[in-house]
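Values below: all heavy atoms of this structure, side chains included; hydrogens, waters and symmetry mates excluded. The chains referred to below are lettered A, B, ... by the order of the sequence lines, with proteins before strands, and numbering in each begins at 1.
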2 protein chains.
Amino acid sequence: MTGRPVNHQRRAELLDAAVDYATEHGFADLSWRPVARALGVSTTTLVHHFGTKEQMLEAILGRLRERAFAATSAAVGDQPDLAALAAAARAVWTRASDPRQGAEFRLFFAVYGQALQSPGQFAEFLDRVVADWMRALIDAQKTDRTTATRTATLVIATIRGLLLDLLATGDDDRVQDAAAAFLATLEER
Amino acid sequence: MTGRPVNHQRRAELLDAAVDYATEHGFADLSWRPVARALGVSTTTLVHHFGTKEQMLEAILGRLRERAFAATSAAVGDQPDLAALAAAARAVWTRASDPRQGAEFRLFFAVYGQALQSPGQFAEFLDRVVADWMRALIDAQKTDRTTATRTATLVIATIRGLLLDLLATGDDDRVQDAAAAFLATLEER
DNA sequence: TTGTCGCTAGTACGATCGTTCTAGGAATGG
DNA sequence: CCATTCCTAGAACGATCGTACTAGCGACAA
């Protein structure tokens, strides 16, 4: 009577594959058919699992933010107490500036930019893109909330700004030098 | 014999109007027809002046970068010698964080993100998006080239990172507080 | 076994896309 | 005036878009 049960794992597989596709082929002009071809399924299959294209995009960027944050937040949490923020920032930067992460962060900033121009559609992304890291970086500090917030804001902004520079210019020497200087000032607190 | 002369001003008018349109309606899925409707011309007119859509996009982002840089570089140049960099950075930040500039910088970051995923098409944008400011900020300093480059890189990255935060969260108090702290450290050099 | 429902695919529809073709007024140099 | 060239518009092309509809297959509960 109840019929065949829903296979949630199947949707997760397709979503991960879709994120990989977006990482390689860009996010701006994603459409059902090319994604379906790359994944070896029909467009109908994607529609069935994601509903509308808009919903698939939301799912993709949700998964993307999840990936990006999970991979770095692990490094944030496992730090000794003293100078925890500086160590966390260094760990995040080391991982983020790894060339192997380039494609994923290019996609991240592409989504970020698009979200800024469609705040309605990407509301959750915009809400959490800063807040998730803020929470983690504030927890890593022992100072009062005001200065902790101020420092966390600066750390997030500087790392992202440097990453934008690195991805745009590929000038590793210059950007790494600036990053090292910033991280050094962070440890002098 | 020579016929009617080319009207370059007409193209500039259309380009400025197209940038305005992109500022309001987004950059990701721009197409001839909606732009033409908004500008009160036919799509053929746009094709005539810009060639292909790709060329129009390049023209738009070139003009956009020109606008964004010109408006702020003026503030950079007209500073007294002492603490020129700090004053320049403060001027740039004051203008960039003005809510009235929000739409333009949203477009700027949307283009930036798209360019990161299509480096071939937007090569010139990526080349100049950092280099233009770098040159101006290095010239504003009297220290050796190495530290001047390092500082300029950090100033650009931090300002852009803070701007990303401000545009995403709208949390003016927190971001302005962090910006003030950063600019203060800049003046202590 | 049988009825139910998830999963997949194929097809088709209307809309919109970028671009080309055709052609008529406007403005300029000879 | 005339020839030439720019500017603009309208129509049409094939391609691709998102999505709905139909239907067959497979897995599960009763």
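Nucleotide D/dT8 holds its C1' atom 14 Å from the CH2 atom of B/Trp32, rounded to whole Å. Atom CG of B/Leu46 is separated from atom P of D/dC7 by 13 Å (rounded to the nearest Å). The separation between B/Arg37 atom CZ and D/dG10 atom P is 13 Å, rounded to whole Å.
If you check residues 15-30 of chain B against DNA chain C, the residues with a heavy atom closer than 4.0 Å are B/Leu30, listed by number.
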(message) One character per nucleotide, please: for nucleotides 6-16 of chain C, 5' to 3', B when the base has a protein heavy atom closer than 4.0 Å, S when only the sugar-phosphate does, - otherwise.
(response) BSBBB-B----
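A/Arg174 and B/Thr153 form a side-chain donor-acceptor contact under 3.5 Å, judged by distance and modelled atom types alone.
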(request) Apply salt bridge (charged side-chain N to carboxylate O under 4.0 Å, His left out) to the pair A/Arg160 and B/Asp165, showing each step before the final yes or no. (result) CA-CA 10 Å; A/Arg160 288 187 176 164; B/Asp165 187 335; over 6 Å; no
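In this structure, CZ on A/Arg65 lies 7.5 Å from CG on A/Leu61, to the nearest 0.5 angstrom.
Under a 3.5 Å cut-off, the side chain of B/Thr158 and the backbone N or O of B/Val155 do not form any donor-acceptor pair.
The side chain to side chain contact (heavy atoms under 4.5 Å, CB included) search around B/Glu58 returns B/Glu54, B/Gln121, not counting sequence neighbours.
When the options A/Asp20, A/Val19, A/Leu64 are evaluated for a side chain to side chain contact (heavy atoms under 4.5 Å, CB included) with A/Glu104, the one that passes is A/Leu64.
Ring geometry for A/Tyr112 against A/Phe109 counts as parallel: the plane angle stays under 30°, on a 0 to 90° scale with 60° as the upper cut. The aromatic rings of A/His25 and A/Tyr21 lie parallel to each other, with less than 30° between the two planes, well short of the 60° mark.
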